[in-house]
Amino acid sequence: MSDYGITSREKDFSQWYLDIVQRAELGDHSPVRGCMVIRPNGYAIWEKMQAALDGMIKATGHRNAYFPLFIPESFLKKEAEHVEGFAPECAVVTHGGGRLLEEPLMIRPTSETIIYHMYAKWIQSYRDLPVLINQWANVVRWEMRTRLFLRTTEFLWQEGHTAHATPEEGEEETRRMLDVYRRFAEEYMALPVLMGKKTAAEKFAGALRTYSIEAMMQDGKALQAGTSHNLGQNFSRPFEVRFQDESQQWQYCWQTSWGVSTRLIGALIMAHSDDQGLVLPPRLAPIEVVVVPIWSSDEQQQAVRAYLEEVRGQLDGRVSYHIDDRDQFKPGWKFAEWELKGIPLRLEVGPRDVAKRGAVLVRRDTREKQMLSLEDVGTAVREALDHMQRDLFDRALAFRREHTYMADVYDDFQTTISEKPGFTWAHWCGGADCETRVAQETKATIRTVPFEPEDGLETQDAPPPEQGRCIVCGQPSLRRVLWGKAY
RNA sequence: CGGGGUGUGGCGCAGUCCGGUAGCGCACCUGCUUUGGGAGCAGGGAGUCGGAGGUUCAAAUCCUCUCACCCCGACCA
């Protein structure tokens, strides 16, 4: 019963991940290296994510727009750090219409440059601010090593780009959207995340500051699940995104950008799924309930089919469901199949249920069975979905806490990092050298620097500020930062 | 780019060392029996053995080159 062609997590975690992607038909390799086909099962999850997040982005005052795929090569070069960070991984178009182009076109790795070029045209006055725009788009980054959903050459994402009159507004926006991502991860993905600041080494190329949400996968590794950047005036200066303030002075805008990508589907898989297949949080499941009718004789089939109409009455308008009445598969086969695909609930309806005027409800995550009477089906299903959503979050949070450690001296830190998959809180002086040394010696990097009480955002589960010494150099440190191996 | 591995019906694999009529399981098609945890029997269809050269009477198998994918490392959401 355990071997349906999925490698167990214990045996080989990354093979398990790839098996889920293939067997649940979420995605597949394309003929082009590193590129991914998102299959209908995977895309349906992305559409659920888009719908929820798009609503949250609009609720915070943003509007959607679309900017082009091609970026003049010269644009990317205008911000020094930005070009240094992205040029090596850009795809470049040199020909069009059979002729060599005068200026090569970069395929966007991200859209700051092209968008801010346009902002410069649109913004004249403080009355034009803030500009709050989001776009859903594809981007291309020529990565060395790819993995379906987690890192692919082309991926889908949303990128928000805003312009403000003051640095305070920019900072506020950066944090607001980070918190939107946290809420989305927690409430829809059932994924607990740690918010915080990125170190200089990990920040976005061209940003003043980068914030992120970090999640723990079942192998104890960290996954950056969303980022929000305070760009300061780093782009508004080279792109001349300026406005006249109330006193007729020309000022450069204060800007932000923020994004999440199809990588979140990878996060979903690695956070919740098991050796039987995909486990989806109900709020992102394309189908919430699959109904599997059971019969043998024709008379039974007629009775069950008639009864199914009553069951539908319980489900219609309350949940999204699918009735799997294919005759070529036996019920047991269907059970396994829908579990593999991650559908949260299964409702079994057979002759015994017709006789008792009931149904059997089974949860995907716990495989717990519940006998229902017909008139309770609608509410029981709704309740089970809510419970499952909450349980997935609680389980993931408990897992993260169980796999989070403290270390005070470097020896201890190294042992913990190498022997215990997970996160480690340890003191750090703030120096790039110490960070680099740890990365080289242990493969662990600083995933996040917790917010301070006065920041207005809280890094849940972070140890409070305290006097300590950097685990590498021994210099004084005022707080522990989060270390871990990352995807 | 470096190290390791794999390419053989749709999928998973054996066969390669030691050259000699391409095989197994699943899936698929037909029929009958089945249906509350991946059904059984009988019959059937399907493969230029990743690609290109070479050696040989003869190549999935030996030699050379090449391509793709996976795993581990260097880059990253």
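Because the structure is predicted, anything quoted here is derived from the model rather than measured. Chain naming here is simple, since letters A, B, ... match the order of the sequence lines and numbering starts at 1 in each.
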Original post:
Once you round it to whole Å, what is the distance between P of B/rC26 and CD of A/E337?
Top reply: 17 Å
**OP:** Report the nucleotide, chosen from B/rG36, B/rG37, B/rU35, that has the shortest atom-to-atom distance to any side-chain atom of A/E339.
**Re:** B/rG37
Subject >> First of A/E154 and A/V362 reached from the 5' end of RNA chain B, by closest nucleotide >> reply: A/V362
Subject >> Whole-Å distance separating the CD atom of A/E84 from the C1' atom of B/rC76 >> reply: 15 Å
Original post:
Under 4.0 angstrom, heavy atoms only, what part of the nucleic acid is A/P88 near: base, sugar-phosphate, or nothing?
Top reply: nothing
Subject >> For B/rG23, the Watson-Crick or wobble counterpart (both distances under 3.5 Å) >> reply: B/rC13
Subject >> Base paired to B/rC18 (Watson-Crick or G-U; both N/O distances under 3.5 angstrom) >> reply: none
Original post:
How about A/F204 and A/T110: do any of their side-chain heavy atoms sit closer than 4.5 Å?
Top reply: yes
**OP:** Mind checking A/F204 for me? I need base, sugar-phosphate or nothing, with any heavy atom below 4.0 Å counting as a touch.
**Re:** nothing
**OP:** Have a look at A/E339 and tell me which of A/R346, A/R363, A/R364, A/K334 forms a salt bridge (Lys or Arg N to Asp or Glu O under 4.0 Å) with it.
**Re:** A/R346
Subject >> A/P238 vs A/Y116 side-chain heavy atoms within contact, under 4.5 Å >> reply: no
Subject >> Atom pair distance, as rounded to whole Å: NE2 in A/H82 and C1' in B/rC76 >> reply: 14 Å
Original post:
According to the interplanar angle, ranging from 0 to 90°, do the rings of A/W157 and A/F155 count as parallel (below 30°), tilted (30 to 60°) or perpendicular (above 60°)?
Top reply: perpendicular
Original post:
Can you tell me the Watson-Crick or wobble partner of B/rU6, both distances under 3.5 angstrom?
Top reply: B/rA68
Original post:
Of A/R182, A/R183, A/R175, which meets salt bridge (Lys or Arg N to Asp or Glu O under 4.0 Å) against A/D179?
Top reply: A/R182
Original post:
Closest nucleotide of RNA chain B for A/W142 versus for A/R352: which of these residues is on the 5' side?
Top reply: A/R352
Original post:
For residues A/S8 and A/E10, is any side-chain donor paired with an opposing acceptor at under 3.5 Å?
Top reply: no
Original post:
B/rC62 and B/rC26: how far apart are their P atoms, nearest whole angstrom?
Top reply: 30 Å
Subject >> Gap in Å between the two P atoms, one belonging to B/rA46 and one to B/rG40, rounded >> reply: 25 Å
**OP:** Any strand is fair game: report the nucleotide pairing with B/rC62 by Watson-Crick or G-U wobble, both distances under 3.5 Å, or none.
**Re:** B/rG54
**OP:** Would you kindly give the CG-to-P distance between A/D275 and B/rG37, to the nearest whole Å?
**Re:** 21 Å
Original post:
Under 4.5 Å between any side-chain heavy atoms of A/E202 and A/T210, yes or no?
Top reply: no
Expected rows: protein N/O vs nucleotides 4-11 of chain B N/O, under 3.5 Å:
none

Subject >> With A/R209 via side chain to side chain contact (heavy atoms under 4.5 Å, CB included) - residues at least two apart >> reply: A/E171, A/Y211, A/N230
Original post:
Quantified in whole Å, what is the C1' atom distance between nucleotide B/rG19 and nucleotide B/rU56?
Top reply: 9 Å
**OP:** Could you check whether A/E143 gets within reach of a base, just the sugar-phosphate, or nothing at all, counting any heavy atom under 4.0 Å?
**Re:** base
Original post:
Would the A/H82 and A/F235 ring centres measure less than 6.0 Å apart?
Top reply: yes
Original post:
Mind checking the P distance from B/rG45 to B/rC29? Whole angstroms is fine.
Top reply: 15 Å
Show me the donor-acceptor pairs, under 3.5 Å and distance only, between side chains in residues 289-303 of chain A and residues at least two apart or in other chains.
{"residue": "A/S296", "atom": "OG", "partner": "A/Q300", "partner atom": "OE1", "Å": "2.5"}
{"residue": "A/S297", "atom": "OG", "partner": "A/Q300", "partner atom": "N", "Å": "3.1"}
{"residue": "A/Q300", "atom": "OE1", "partner": "A/S296", "partner atom": "N", "Å": "2.8"}
{"residue": "A/Q300", "atom": "OE1", "partner": "A/S297", "partner atom": "N", "Å": "3.4"}
{"residue": "A/Q301", "atom": "OE1", "partner": "A/R305", "partner atom": "NE", "Å": "3.0"}
{"residue": "A/Q301", "atom": "OE1", "partner": "A/R305", "partner atom": "NH2", "Å": "3.3"}

**OP:** Could you state the atom-to-atom distance from CD of A/Q300 to P of B/rG36 in whole Å?
**Re:** 11 Å
Subject >> B/rG31 versus B/rG15 - spacing of their P atoms, nearest Å >> reply: 38 Å
**OP:** Tell me what A/T152 touches on the nucleic acid: a base, only sugar-phosphate, or nothing, going by heavy atoms under 4.0 Å.
**Re:** base
Original post:
When the P atoms of B/rA22 and B/rU48 are considered, how many whole Å apart are they?
Top reply: 13 Å
**OP:** Could you pull out all residues at least two apart from A/M49 that satisfy side chain to side chain contact (heavy atoms under 4.5 Å, CB included)?
**Re:** A/I45, A/W46, A/F184, A/M189, A/L264, A/I265, A/L268, A/L284
Original post:
For B/rA74, which nucleotide in any strand shown is its Watson-Crick or wobble partner with both distances under 3.5 Å?
Top reply: none
Original post:
Counting any heavy atom closer than 4.0 Å, what does A/V360 reach on the DNA or RNA strands: base, sugar-phosphate only, or nothing?
Top reply: base
Original post:
The side chain of A/R367 lies closest to which of these nucleotides: B/rG37, B/rG36, B/rC76?
Top reply: B/rG37
Original post:
What integer number of Å spans the P atoms of B/rC63 and B/rU16?
Top reply: 14 Å
Original post:
Nearest 0.5 Å, what's the CD-CE distance between A/E348 and A/M371?
Top reply: 8.5 Å
**OP:** Check the distance between B/rU35's P and A/W295's CH2 and give it to me in whole angstrom.
**Re:** 13 Å
Polar pairs (N or O, both sides) under 3.5 Å between protein and nucleotides 39-43 of chain B?
{"residue": "B/rA39", "atom": "O4'", "partner": "A/K330", "partner atom": "NZ", "Å": "3.3"}

Original post:
Taking the side chain as C-beta and beyond, is there a heavy-atom pair between A/L208 and A/N234 under 4.5 Å?
Top reply: yes
**OP:** Quick one, give me the B/S/- string for nucleotides 69-74 of chain B, reading 5' to 3', where B means a protein heavy atom under 4.0 Å from the base and S means that only happens at the primed atoms, P, OP1 or OP2.
**Re:** SSSSBB
Original post:
Among the nucleotides B/rG37, B/rG36, B/rC76, which one has an atom lying closest to any side-chain atom of A/R346?
Top reply: B/rG37
Original post:
Which whole number of Å gives the distance between the P atom of B/rG25 and that of B/rG36?
Top reply: 25 Å
Original post:
Between atom CD1 in A/I294 and atom C1' in B/rG38, what is the gap in whole Å?
Top reply: 14 Å
Original post:
What integer distance in Å separates A/W157:CH2 from B/rC76:P?
Top reply: 15 Å
Original post:
Could you go step by step and tell me if A/D275 and A/R9 meet the salt bridge (charged side-chain N to carboxylate O under 4.0 Å, His left out) rule?
Top reply: CA-CA 6 Å; A/D275 292 350; A/R9 285 164 292 184; 2.8 Å; yes
Original post:
When you look at A/E81 and A/K203, which way does the salt bridge (charged side-chain N to carboxylate O under 4.0 Å, His left out) test go after all the steps?
Top reply: CA-CA 11 Å; A/E81 201 180 309; A/K203 79 170 175 61; 2.5 Å; yes
**OP:** Searching all strands shown, indicate the nucleotide that pairs with B/rU34 (Watson-Crick or G-U wobble; both distances under 3.5 Å).
**Re:** none
